[in-house]
Amino acid sequence: MLIKEFISEVNKTQMITTLLKHYKVGNVRVKLKSMKDHAHFDVDRGTLQLSTKYKTIKNSQFKQFLITILHEIYHAMDAKRYGWKKFKNMYEYEMNLLVSKNKDEYKDNKYEIEAEDFGQKNYSKWYNTFKKQDLI
Ligand SMILES: [Zn+2]
């Protein structure tokens, strides 16, 4: 069996496009940015940021890549559901509430927990889909 050592930029872009369409956040504002994380949803601006740092992805980084994209897409889905300005307020309220309770504003944040669950739960399904499409 041939195992690809690297995932090309073309395949990476195709996977991201597929995911954005599938979760109906294809119209979310996307910004390309050189950053360490694969993706980040900017709650303040309602923008999904994608990293330009990795032209190709090593196979060993693939799981983290896919989970991160799914996690950030979940934030974009929340922003679409509530309207991004309202979601921004809800997110800030949650952070302030946690700080006032001496809890961690990210680790204990319900929006972060839901997004991470979503990434973990849907990872295998997409891994198999993309494998079948010979993208990975
Ligand atoms: Zn998050």
Side-chain angles (χ1 to χ4, degrees):
M1 193 169 89
L2 183 75
I3 295 172
K4 292 194 183 92
E5 196 180 348
F6 289 103
I7 293 152
S8 74
E9 194 173 10
V10 172
N11 288 3
K12 185 184 145 187
T13 304
Q14 194 176 328
M15 287 187 271
I16 293 171
T17 307
T18 300
L19 293 170
L20 291 175
K21 267 192 204 153
H22 179 86
Y23 292 111
K24 298 183 171 61
V25 287
N27 60 346
V28 75
R29 277 180 293 173
V30 173
K31 204 180 160 195
L32 301 174
K33 196 182 169 185
S34 180
M35 57 182 181
K36 192 174 159 281
D37 292 335
H38 291 292
H40 174 68
F41 187 76
D42 184 346
V43 177
D44 289 334
R45 294 177 184 83
T47 307
L48 181 66
Q49 300 173 340
L50 298 174
S51 180
T52 53
K53 194 172 163 21
Y54 312 96
K55 296 282 175 225
T56 54
I57 304 172
K58 281 185 197 153
N59 243 311
S60 57
Q61 298 170 324
F62 184 71
K63 186 172 183 180
Q64 196 50 50
F65 161 75
L66 197 49
I67 289 175
T68 304
I69 297 289
L70 287 164
H71 175 125
E72 303 307 331
I73 282 178
Y74 190 83
H75 289 317
M77 286 159 72
D78 266 347
K80 193 187 169 192
R81 192 177 305 143
Y82 303 111
W84 72 267
K85 280 182 184 164
K86 194 181 172 194
F87 179 59
K88 179 187 173 219
N89 290 335
M90 289 161 70
Y91 193 94
E92 278 170 3
Y93 180 84
E94 172 75 3
M95 282 177 111
N96 292 334
L97 189 71
L98 291 168
V99 170
S100 74
K101 289 178 178 170
N102 264 330
K103 289 188 176 176
D104 191 282
E105 54 191 3
Y106 292 104
K107 260 197 322 195
D108 300 315
N109 188 310
K110 64 179 177 187
Y111 302 112
E112 291 304 329
I113 294 168
E114 283 172 17
E116 192 56 27
D117 276 357
F118 180 78
Q120 299 284 347
K121 273 186 199 142
N122 289 287
Y123 163 75
S124 313
K125 181 179 96 179
W126 288 109
Y127 178 86
N128 292 329
T129 303
F130 294 142
K131 189 105 193 148
K132 267 183 220 150
Q133 294 173 358
D134 206 26
L135 290 169
I136 47 175

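Order of appearance sets the numbers: ligands from 1, and atoms from 1 within every ligand.
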**Message:** So, 2.8 Å as the limit: is an N/O/S atom of Glu112 located closer than that to the Zn ion (ligand 1)?
**Reply:**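 It does: Glu112 brings an N, O or S atom closer than 2.8 Å to the Zn ion (ligand 1).
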**Request:** Examine His40 and say whether one of its N/O/S atoms is closer to the Zn ion (ligand 1) than 2.8 Å.
**Result:**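 No.
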**Asked** For the Zn ion (ligand 1), which N, O or S atom of His71 is at the shortest distance?
**Response**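 Output for this pair reads NE2.
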**Item:** Crowding at NZ, Lys125 (>12 non-hydrogen neighbours, <6.0 Å)
**Value:**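 Atom NZ in Lys125 is packed in, count exceeds 12.
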**Item:** Arg29 atom CZ, over 12 foreign heavy atoms within 6.0 Å
**Value:**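 Counting other residues, nucleotides and ligands, CZ of Arg29 exceeds 12 neighbours.
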**Request:** Of all the heavy-atom pairs spanning Phe41 and Glu72, show the shortest one and how long it is.
**Result:**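 So the minimum-distance heavy-atom pair works out to N-OE1, 2.8 Å.
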**Request:** Give a yes or no on whether the backbone of Met35 and the side-chain of Ser51 come within a donor-acceptor separation of less than 3.5 Å.
**Result:**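 Yes; judged by distance alone, with no hydrogens or angles, the pair exists.
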